[in-house]
Amino acid sequence: MDVLAHIKKEHKEFKKMISQIESAQGEKKKEIFREFYAELNGHHEAEEHVVFPLVRKSAKGKDDEVVLEMIEEHSLGRHQFSILERTAVDNETWDAKFSVLKEVLNHHMEEEENTFMPLARKVVPKEHLDSILDEFESVLETYKMKKKEKLQI
Ligand SMILES: [Fe+2]
Ligand SMILES: [Fe+2]
């Protein structure tokens with residue numbers, strides 16, 4: 001499997017986790033949310049450290065805009081995650097805040113799959129996309145664990 005197919009598979013898992021968070025209550029909701037926070041942190045950091053620089057380099061300055069937009073959307077997500085983490089899950093605004101995060105992430109995953117990935121496939125040879133999967137997973141794990149430590153979970 002190449003790194004892009006792997007990313008797509010993870011997006012599917014994230015959508016499932018979003019539904020689980022939406023239907024959970026109280027402490028359970030917070031628990032799945034924090035797990036999701038750590039997973040997404042790993043995923044976004046791995047994309048930013050391993051995949052985006054390679055695509056930008058291979059595209060040689062063309063289509064930089066797409067990649068830059070992906071990074072900005074990650075930062076919107078990070079911002080909303082940190083607000084949710086600081087808000088009590090039984091606060092009446094929590095669900096509305098989460099719904100905004102969901103919109104940002106759904107839009108982002110769609111654009112990553114439909115705009116970024118075709119560009120990546122065009123400029124990076126398939127073998128290269130295969131060979132960076134291990135690195136992607138190891139960076140992901142590192143940043144996921146860092147977030148877990150910070151969240152004390
Ligand atoms: Fe992604
Ligand atoms: Fe992303």
Side-chain angles (χ1 to χ4, degrees), residues 1-24 29-87 96-151 153:
M1 186 187 290
D2 69 37
V3 74
L4 301 179
H6 180 79
I7 288 174
K8 235 174 168 170
K9 208 176 93 197
E10 293 202 325
H11 288 174
K12 269 197 182 155
E13 291 302 316
F14 297 151
K15 284 175 188 163
K16 273 190 218 155
M17 284 183 99
I18 289 173
S19 309
Q20 285 170 358
I21 294 164
E22 284 177 322
S23 54
K29 195 185 194 85
K30 191 87 189 185
E31 197 184 298
I32 314 171
F33 166 76
R34 290 176 140 199
E35 193 60 42
F36 184 54
Y37 190 178
E39 287 288 345
L40 252 290
N41 191 59
H43 180 90
H44 286 168
E45 293 287 347
E47 286 176 346
E48 288 184 26
H49 284 86
V50 182
V51 186
F52 296 170
L54 172 66
V55 173
R56 271 191 98 178
K57 202 176 99 204
S58 309
K60 297 186 181 75
K62 281 191 289 165
D63 302 302
D64 272 356
E65 218 177 285
V66 182
V67 184
L68 294 175
E69 211 180 298
M70 293 298 97
I71 298 171
E72 289 307 315
E73 287 173 1
H74 284 185
S75 110
L76 268 184
R78 266 185 208 113
H79 175 71
Q80 197 66 6
F81 265 116
S82 77
I83 290 175
L84 277 154
E85 174 57 25
R86 282 182 272 123
T87 305
K97 287 181 167 70
F98 186 73
S99 168
V100 171
L101 175 65
K102 176 186 170 178
E103 278 169 25
V104 168
L105 294 178
N106 278 341
H107 164 82
H108 176 70
M109 291 188 278
E110 196 180 302
E111 205 163 12
E112 202 159 75
E113 290 180 18
N114 299 333
T115 308
F116 171 75
M117 288 191 184
L119 164 71
R121 291 207 178 280
K122 199 170 79 186
V123 298
V124 183
K126 167 86 173 130
E127 312 84 73
H128 207 156
L129 292 171
D130 286 330
S131 69
I132 58 171
L133 181 57
D134 288 349
E135 192 190 351
F136 181 90
E137 286 185 320
S138 107
V139 173
L140 187 153
E141 207 51 39
T142 303
Y143 281 91
K144 183 166 103 180
M145 293 324 285
K146 270 190 190 175
K147 186 55 80 182
K148 283 192 168 189
E149 259 169 47
K150 214 172 160 210
L151 296 171
I153 56 170

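Order of listing sets the numbers, starting from 1, for every ligand and every atom in it.
- Taking the six-membered ring where the residue is Trp, the centroids of His74 and Phe52 are separated by under 6.0 Å.
- The salt bridge (charged side-chain N to carboxylate O under 4.0 Å, His left out) analysis of residues 44-61, with sequence neighbours excluded, yields the pairs Glu45-Arg78, Glu48-Arg78, Arg56-Asp64.
- Protein N/O/S atoms closer than 2.8 Å to the Fe ion (ligand 2): Glu47 OE1, His74 NE2, His108 NE2, Glu112 OE2.
- A side chain to side chain donor-acceptor pair (under 3.5 Å) check over residues 119-129, counting only residues at least two apart or in different chains, returns the pairs Asp2-Arg121, Asp2-Lys126, Lys126-Asp130.
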Tabulate below the donor-acceptor pairs under 3.5 Å that side-chain atoms of residues 4-12 make, not counting sequence neighbours, or state none.
| unit_1 | atom_1 | unit_2 | atom_2 | d |
| --- | --- | --- | --- | --- |
| His6 | NE2 | Glu10 | OE2 | 3.3 |
| Glu10 | OE1 | His43 | ND1 | 2.6 |
| His11 | ND1 | Glu113 | OE2 | 2.8 |
| His11 | NE2 | His43 | NE2 | 3.2 |
| His11 | NE2 | Glu112 | OE1 | 3.0 |

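- A salt bridge is defined here as a Lys NZ or Arg NE, NH1 or NH2 lying under 4.0 Å from an Asp or Glu carboxylate O, and Glu149 with Lys146 fails to meet this definition.
- If you look at His11 and ask which of its N, O or S atoms sits nearest the Fe ion (ligand 1), the answer is NE2.
- Between Glu22 and Lys29, no side-chain nitrogen of the basic residue sits less than 4.0 Å from a carboxylate oxygen of the acidic one, so the salt-bridge criterion is not met.
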